[in-house]
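FYI, side chains are in, hydrogens and waters are out, and symmetry mates aren't considered; it's all heavy atoms of this structure. Ligands are counted one by one from 1 in listed order, and the atoms in each one are counted from 1 as well.
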Amino acid sequence: MKALQWQGVNKLAVGEVPDPQLRNPGDIIVKVRRTVTCGSDLHLLGGYIPFMEKGDVLGHEFLGEVVEVGPEVRRHKVGDRVVVSSFISCGKCWFCEQELYSLCDNGNTNPAITETLWGQAPGGCFGYSHAMGGNPGSHAEYIRVPFADVGAFAVPEEVSDERALFASDAAATGWMGADLGGVKPGDVVAVWGAGGVGQMAARAAMLLGAERVIVIDRLDNRLQQVEKYIGAETLNFERTNVALELRERSGGRGPDVCIEAVGMEAAGKGPQYAYDQLKQQLRLQTDRPVAVREAVHACRKGGSVFVLGVYAGFVDKFPLGALMNKGVTMRGAQMHGQRYIPMLLDRMARGELITEHLATHVMPLDQAPEGYRIFKEKEDNCVRAVFVP
Ligand SMILES: NC(=O)c1ccc[n+]([C@@H]2O[C@H](COP(=O)([O-])OP(=O)(O)OC[C@H]3O[C@@H](n4cnc5c(N)ncnc54)[C@H](O)[C@@H]3O)[C@@H](O)[C@H]2O)c1
Ligand SMILES: [Zn+2]
Ligand SMILES: [Zn+2]
């Protein structure tokens, strides 16, 4: 079958790989109908997560049709249209029982790398390097889905492919940020990043009752999407003093909840940014935490910061003093998709959550290398590139 393969830093090609086969009794094989790029893939592409091997198949957000089921699969049959959580979880371990699905003890078949890096291994993910299990990704004609009764969900008939696709990762991630960030009715919420993840976090905050939601980015086309499709307020950080403006819009206190949806390749300005970039390029620090610093600084006393953006290792100039003295709570996580996808699909069916505007570019899988180039460069106002195998 055809698949998009990583061939080295910033090198992608569509090639032939073996068809996937059922391996365990709980597996299904899905014929991919739609698969989409994610900001997380850019970190792999750029070599910031150094556990890719030549030939690895990329992609972790997808929707498709079930074409084969293992003998122990109960919830799916051949012909079903399913959307699949990007993180792979067994549904039975202690972490899955706590609904901390991305922390599953059995989802990552290759835990040694992250155990060494982080002390413990989180779960596995499709198409996300050998640190996350080395599972073949979804930018392919077919994919094997382990623990399918836990991670794959039938899509209601009234929800289109284009909308349901984003339940796989971006919408679930955004929802988690607002939920575990502790958004309550009446809160003021600030979201850094107006990509797919930030937009979904903003919508989740609104649906959870936030009084004001403000999304920060520098790309006007994305901020326009936020105003038009999400219904949140916006701030362009290149033209505004973010901290002052957020204070102004939150009765002088600062936002109650700050959600960071930018990640390790954040943009910024001034000498501090130049220093971060240089250190990252020399591999003296792995991540540029520009938006995390800003969020901790802007957050109201006693508020919370939730880190959705992906970080791999170590950061410099972390504002621990602000965090400690202001009593700020900080959390982060990879997304617990299995916990949110059914609810998200219901909301999509009711029209409360729309996502299809994120798919600014739709193209055949053959054009995926070009799709990634446009997505990476944010060319032609690209927010997400969707591939149709
Ligand atoms: N936690 C999870 O499970 C999970 C899941 C999906 C994605 N992610 C991560 O979330 C992050 C965002 O993903 P995405 O797909 O929306 O990415 P994206 O690249 O499409 O969007 C990131 C946005 O952040 C903006 N940005 C850059 N620097 C900024 C700054 N200093 N302040 C404010 N905005 C800034 C960019 O202009 C861009 O619009 C990535 O790091 C991705 O890896 C995490
Ligand atoms: Zn993703
Ligand atoms: Zn588990």
Side-chain angles (χ1 to χ4, degrees), residues 35-44 48-49 58-62 85-108 122-128 137-138 147 150-151 166 168-177 180 190-201 215-223 225-226 235-238 242 259-269 273 276 287-295 306-312 331-338 358 360 375-376 378 381-385:
T35 176
V36 59
T37 61
C38 172
S40 302
D41 297 315
L42 296 180
H43 311 323
L44 297 177
Y48 292 103
I49 295 181
L58 280 177
H60 57 270
E61 313 193 13
F62 62 103
S85 167
S86 60
F87 262 78
I88 300 168
S89 318
C90 75
K92 292 191 173 133
C93 70
W94 187 88
F95 294 93
C96 285
E97 273 174 6
Q98 317 300 309
E99 296 191 296
L100 300 170
Y101 290 100
S102 72
L103 305 178
C104 174
D105 263 342
N106 300 311
N108 186 346
C125 184
F126 295 102
Y128 213 76
S138 60
F147 306 115
V150 184
F166 294 97
S168 183
D169 184 284
T173 303
W175 198 280
M176 178 183 73
L180 302 188
V191 179
W192 276 257
V197 173
Q199 291 196 29
M200 293 295 107
V215 181
I216 303 143
D217 204 302
R218 62 175 172 161
L219 302 174
D220 283 323
N221 66 300
R222 293 181 175 215
L223 294 174
Q225 281 200 335
V226 168
L235 267 184
N236 186 316
F237 70 80
E238 286 190 330
V242 173
I259 301 175
E260 191 270 4
V262 175
M264 59 165 85
E265 294 175 70
K269 49 189 176 188
Y273 175 72
D276 273 334
D287 309 295
R288 304 201 285 266
V290 180
V292 175
R293 285 186 198 124
E294 204 166 71
F306 201 94
V307 181
L308 289 175
V310 163
Y311 292 86
R331 293 180 77 176
Q334 297 281 7
M335 63 117 219
H336 307 309
Q338 291 81 347
L358 299 173
T360 48
F375 175 57
K376 181 180 162 72
K378 320 278 192 253
N381 288 343
C382 183
V383 178
R384 282 276 196 274

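- Taking any N or O of L219, backbone or side chain, none lies under 3.5 Å from an N or O belonging to ligand 1.
- Heavy-atom separations between G268 and ligand 1 are all 4.0 Å or longer.
- For E265, the heavy-atom gap to ligand 1 stays at 4.0 angstrom or more.
- Scanning all protein heavy atoms for the shortest distance to atom 11 (C) of ligand 1 gives V262 O, 3.6 Å.
- The closest approach of H60 to the Zn ion (ligand 2), by N/O/S atoms, is made by NE2.
- A salt bridge does not link K378 to D217: none of the charged side-chain nitrogens sits closer than 4.0 Å to a carboxylate oxygen.
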Worked check of side chain to side chain contact (heavy atoms under 4.5 Å, CB included) between M176 and F306: CA-CA 9 Å; M176 178 183 73; F306 201 94; 4.0 Å; yes
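- Heavy-atom distances between S86 and ligand 1 stay at or above 4.0 Å for every pair.
- In terms of protein heavy atoms, atom 5 (C) of ligand 1 is closest to T173 OG1, 3.1 Å.
- Geometry at the Zn ion (ligand 3): SG/C96 and SG/C93 form an angle of 110°, nearest 10 degrees.
- If you check which protein heavy atom lies closest to atom 41 (O) of ligand 1, you get H43 NE2, 2.9 Å.
- The distance from the Zn ion (ligand 2) to the nearest N/O/S atom of E61 is under 2.8 Å.
- Atom 23 (C) of ligand 1 has D217 OD2, 3.6 Å as its closest protein atom, hydrogens excluded (heavy atom only).
- When the heavy-atom distances from atom 33 (C) of ligand 1 to V292, V242, I216 are ranked, the shortest goes to I216.
- Counting protein heavy atoms only, atom 44 (C) of ligand 1 is closest to L308 O, 2.9 Å.
- Heavy-atom separations between R384 and ligand 1 include at least one value shorter than 4.0 Å.
- The backbone and the side chain of S40 each have at least one atom closer than 4.0 Å to an atom of ligand 1 (non-hydrogen atoms only).
- The ring pair (Phe, Tyr, Trp, His ring centres under 6.0 Å) test with H60 singles out one residue from F87, Y128, F126, and that residue is Y128.
- Here F237 has side-chain heavy atoms under 4.0 Å from ligand 1, and that is the only part of it that gets that close.
- Atom 18 (P) of ligand 1 has R222 NH1, 3.7 Å as its closest protein atom, hydrogens excluded (heavy atom only).
- D169 contributes OD1 as its N, O or S atom closest to the Zn ion (ligand 2).
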